[in-house]
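Order of appearance sets the numbers: ligands from 1, and atoms from 1 within every ligand.
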Amino acid sequence: MAKIRWLADLPGVLHALMCESERIYLNANEHERSSTEVEPRDLRQARMLLSRYPLHRYERLQPLLRQLRAVKNTTEVELMRRAVEITDGGLRRVLSALRPGVMEYEPEAELVGEFTRQRGKMAYEPIIAAGKNACVLHYNDNDQPCGDGELVLIDVGASYANYAADLTRTYPVNGKFSPRQRAVYEAVLRVLQHSIAHTTAGTLLRDWKRAAQLEMNEELLQLGLLTPEQVAKDTPEEPACRKYFMHGLGHSLGLGVHDLAPPNGPLAPGWVMTVEPGIYIPEEGIGIRLENDILVTEDGPVDLCAGVPILPDEIEQLLAK
Ligand code: GLY
Ligand code: MN
Ligand code: MN
């Protein structure tokens, strides 16, 4: 049975708990993408326990926590749906305010305003990247003008009750995709749709990503960005698409934007994964990424972002208003 208490109660109950327990599971920061110089609370706590109760058995909590955090219950999924809904509201405001000449921080201001009004927060520093800035993967200066004829890539998520959304949309600043922009956009959209369909229970993350790379190779061939010789040389270690699609396909999402989860899956009911293929062509000033959040269920993938406009015609219509 789960028994949950406030952290502030711990000193009062700790000694009694220690006297009746043999094995203690302790948390430590094992996140592959973050480390810290300052000693965190978890580590202080571990030192204190080890010195006061040296004869207990201590174990790493992280392997268990990864399993537990990856699987969301229905309450958690509801909070994530709300985070997506708030993000959608912000993106719709951006669509109504976007025009040539606006600075990248102006869409950001629309997003912050709408999130605040809906009692959400920014889950992470948003990327608002016009034109070639969209090819800089972790761009977040957000201080350049959005030019006529350029696309603007917006990677943003609200958090609600500490649960994060993580979405990316790419819009034409003047309201119309050029034929080339539309062709690249539709290629990314196809890879997104097929990868969402592949976000199924039992799938290993390695296979999930690899399938998207193979599909991306074919799309890049059609776009004239790769040659058949380059595609023929493709290997899992050196995927041909890497020059234009150089990041992962997605990650677990929840209390963290990059949430804890077993590193290779397999995907299981209750997992929420981002799916975020992209094509970045700096020499053409085009960077396009599309990112949705997907709940894995026994009956297949459920797209939590299904209501967020993504089809190119739909986006042009919204921008025309
Ligand atoms: N916004 C961070 C990511 O897409 O992973
Ligand atoms: Mn993102
Ligand atoms: Mn993401």
For N/O/S atoms only: which one belongs to Glu276 and is nearest the Mn ion (ligand 3)? OE2

Short check: any N/O/S atom of His251 below 2.8 Å from the Mn ion (ligand 3)? yes

Would you call the rings of Tyr58 and His56 parallel, tilted or perpendicular if under 30° counts as parallel and over 60° as perpendicular? tilted

Hey, is CZ on Arg242 packed in by over 12 heavy atoms from elsewhere, all under 6.0 Å? yes

Does the separation of the ring centres of Tyr280 and His247 fall below 6.0 angstrom? yes

Ligand-side contact atoms (ligand 1) for residue partner Glu291, heavy atom cut-off under 4.0 Å: 4 (O)

Asn217 and Gln230: side-chain donor and acceptor closer than 3.5 Å? no

Of all the N, O or S atoms in Asp155, the one nearest to the Mn ion (ligand 2) is OD1

Heteroatom of Asp166 nearest to the Mn ion (ligand 2) (N, O or S, atom name): OD1

Does one side chain, of Tyr105 or Asp143, offer a donor that lies under 3.5 Å from an acceptor on the other? no

Restricting Glu291 to its N/O/S atoms, the closest one to the Mn ion (ligand 2) is OE1

Glu125, Glu276, Arg289: member with heavy atom nearest to atom 4 (O) of ligand 1: Glu276

What protein heavy atom lies closest to atom 2 (C) of ligand 1? Include the residue and the distance to one decimal. Asp166 OD2, 3.8 Å

Residues Glu219 and Tyr244: side-chain donor-acceptor under 3.5 angstrom: no

